[in-house]
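Predicted model, so just to flag it, every value in this text is computed and none were measured.
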Amino acid sequence: MALIETRRAKNGKVSYRARVRLRGFPEYTQTFPRKTDADLWAKAKEADLKRGFHVASKEAARRTLAEAIDRYIEHTLPHKQRNKDADKVRQILGRWKQELGGVAVSNVTPARIVEVRDRLQSEKTYRGRRRSGSTVNRYLHTLSSVFKTAMREWQWCDRNPLSLISKGTESRGVVRFLSDDERNALLKACKASAAEYLYALVLLALTTGARRGELLALTWDDVDLNKVQIVVQESKNGERRALPLAGPVLALLRERSKVRRLHNSRVFPGNKEDKPLDIDDAWQKALKAAGIENFRFHDLRHSAASYLAMSGATPGEIAAVLGHKTLAMVKRYAHLSEQHTAGVVQRMANKFLPG
């Protein structure tokens with residue numbers, strides 16, 4: 001039930017306090033200089049409560065965004081992200097805390113968030129470049145996760161202000177893959193490298209499309225030479241996936257399996273048991289020896305996907321190999337399979353349609 005109380009101050013100024021009471025909910029009050037505004041607010045509040053949109057107004061007003069971020073990092077983040085990603089999330093939330101940490105949760109409006117978003121888009125990073133659309137979107141998505149948790153689990157607010165903010169356009173990404181000549185030159189340089197592991201590592205990346213971190217984390221328990229596969233125990237999206245082994249990399253792994261370190265179970269062990277292998281120096285030297293420029297180790301993953309597309313793999317098959325949950329990321333390789341697609345259509349026409 002909504003009530004409007006007329007209040008008169010000592011100086012004679014009149015105000016109107018709206019009071020909303022509904023069984024099962026706390027009492028809500030708000031004071032207005034005009035009775036019309038008090039009536040409108042009371043009716044809207046009562047309607048919200050009846051529809052189930054319970055507003056934890058007192059919590060939202062007294063809790064700051066900094067408190068929400070701290071609680072999220074301490075209690076929610078450890079259960080949602082792998083350690084590697086959690087560090088980046090903490091960094092992003094640190095920026096939001098710096099920008100809006102002292103603001104009450106109820107006062108973190110879309111307009112305030114957009115001001116920060118625009119600042120993130122326009123300023124330059126320590127590398128001297130502006131942030132990409134996908135990076136800015138990640139800042140928004142990360143803060144949105146905090147508000148979703150505050151709304152659904154803590155009841156600190158009733159709405160997520162990020163839901164009203166448009167996300168920026170993201171680049172499809174540049175697909176850099178090795179040409180036949182580049183691939184042959186790189187493999188030759190890796191084979192000649194003083195780093196005995198490099199050739200097998202690069203060949204494995206080209207064969208499976210696995211990420212650098214996934215490969216360097218492999219242990220011999222993850223390699224099943226009888227089933228001819230390796231198992232990535234925890235991929236970037238947190239899921240386990242098996243990757244088939246094919247070609248010369250299978251023979252290389254069989255050879256490497258015969259000579260293992262006693263106190264290090266990694267397939268590519270580093271100098272210290274608790275740290276992954278450092279490949280940067282050997283990788284850069286191999287690129288230089290092969291005469292290859294503008295190429296990262298991660299581009300071996302793009303190369304594997306591109307070769308799959310050109311070999312006739314479907315988007316779903318490519319996504320399964322790469323470990324993508326959706327086909328969106330695979331669309332960047334679509335143009336490479338156009339020739340194969342045309343061949344499929346031609347074979348279907350030749351078989352089923354009149355000449």
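Between Glu123 and Arg119, no side-chain nitrogen of the basic residue sits less than 4.0 Å from a carboxylate oxygen of the acidic one, so the salt-bridge criterion is not met. The pair Arg256-Glu196 meets the salt-bridge criterion, since a charged nitrogen lies less than 4.0 angstrom from a carboxylate oxygen. In this structure, Arg21 does not pair ionically with Glu46, as no charged nitrogen and carboxylate oxygen lie closer than 4.0 Å. Using a 4.0 Å cut-off between charged nitrogen and carboxylate oxygen, Asp281 and Lys285 count as a salt-bridge pair.
In this pair, Phe177 and Tyr307 present their aromatic rings perpendicular. The plane angle is above 60°, beyond the 30 to 60° band. Below 30°, between 30° and 60°, or above 60°: for Trp283 and Phe297 the angle between ring planes is above 60°, a perpendicular geometry.
Residues Thr219 and Asp222 bring a donor and an acceptor atom of their side chains to less than 3.5 Å of each other. A donor-acceptor pair shorter than 3.5 Å cannot be found between the side chains of Thr142 and Ser145.
For Trp96, there are no ring-ring contact (aromatic ring centres under 6.0 Å, His included) partners, not counting sequence neighbours.
Cluster membership for Leu162 and Trp154, using ILVMFWY side-chain heavy atoms within less than 4.5 angstrom, is shared. Cluster annotation: Val231 is not connected to Leu216 through the hydrophobic network of ILVMFWY side chains, with a link wherever side-chain heavy atoms come within less than 4.5 Å. By the criterion of side-chain heavy atoms lying less than 4.5 angstrom apart, applied directly or through intervening Ile, Leu, Val, Met, Phe, Trp or Tyr residues, Val146 is not grouped with Met151; the two fall into different hydrophobic clusters. Tyr197 and Ile230 fall within the same hydrophobic cluster, where Ile, Leu, Val, Met, Phe, Trp and Tyr residues are linked whenever their side-chain heavy atoms come under 4.5 Å apart, directly or through other members. Under the 4.5 Å side-chain heavy-atom criterion for grouping Ile, Leu, Val, Met, Phe, Trp and Tyr, Val228 is connected to Leu252 within one hydrophobic cluster.
With a 6.0 Å cutoff to the six-membered ring centre and a 45° limit on the axis angle, Arg152 does not count as a cation-pi contact of Phe147.
Proximity of a side-chain donor or acceptor of Arg241 to a complementary backbone N or O of Val321 within less than 3.5 Å is detected. At distances below 3.5 Å, at least one donor-acceptor pair connects side-chain atoms of Arg301 with backbone N or O atoms of Gly209. Side-chain N or O atoms of Asp299 include none that pairs as donor or acceptor with a backbone N or O of His302 at under 3.5 Å. Judged purely by atom type and a 3.5 angstrom limit, Arg7 has no side-chain atom pairing as donor or acceptor with the backbone of Arg17. Judged by distance alone, the side chain of Thr135 and the main-chain N or O of Arg131 form no donor-acceptor pair under 3.5 Å. Using modelled atom types, no side-chain atom of Asn184 and backbone atom of Asp181 make a donor-acceptor pair closer than 3.5 Å.
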| request: Could you check Glu182 against Arg176 for salt bridge (Lys or Arg N to Asp or Glu O under 4.0 Å), going step by step and ending with a plain yes or no? | output: CA-CA 12 Å; Glu182 286 178 324; Arg176 171 72 166 96; 3.1 Å; yes
| Stepwise, does the salt bridge (Lys or Arg N to Asp or Glu O under 4.0 Å) test hold for Arg71 with Glu67? | CA-CA 6 Å; Arg71 182 174 178 179; Glu67 289 179 86; over 6 Å; no
| task | Check the pair Arg112, Val103 against side-chain contact (heavy atoms from CB on, under 4.5 Å), reporting the backbone distance first and the verdict last. | result | CA-CA 10 Å; Arg112 277 182 157 160; Val103 179; 3.0 Å; yes
| message | Apply side chain to side chain donor-acceptor pair (under 3.5 Å) to residues Ser144 and Asn160 and explain how you reach the verdict. | response | CA-CA 7 Å; Ser144 180; Asn160 179 0; 2.9 Å; yes
| task | Could you walk me through whether Arg19 and Glu5 pass salt bridge (Lys or Arg N to Asp or Glu O under 4.0 Å), step by step? | result | CA-CA 8 Å; Arg19 300 174 61 189; Glu5 298 176 346; 2.5 Å; yes
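No side-chain heavy atom of Lys97 sits less than 4.5 Å from a side-chain heavy atom of Leu65.
Atom NE2 of His298 has more than 12 heavy atoms from other residues, nucleotides or ligands within 6.0 Å.
Of the inter-residue distances, the one linking Gln229 atom CD with Leu250 atom CG reads 11.5 Å to the nearest 0.5 angstrom.
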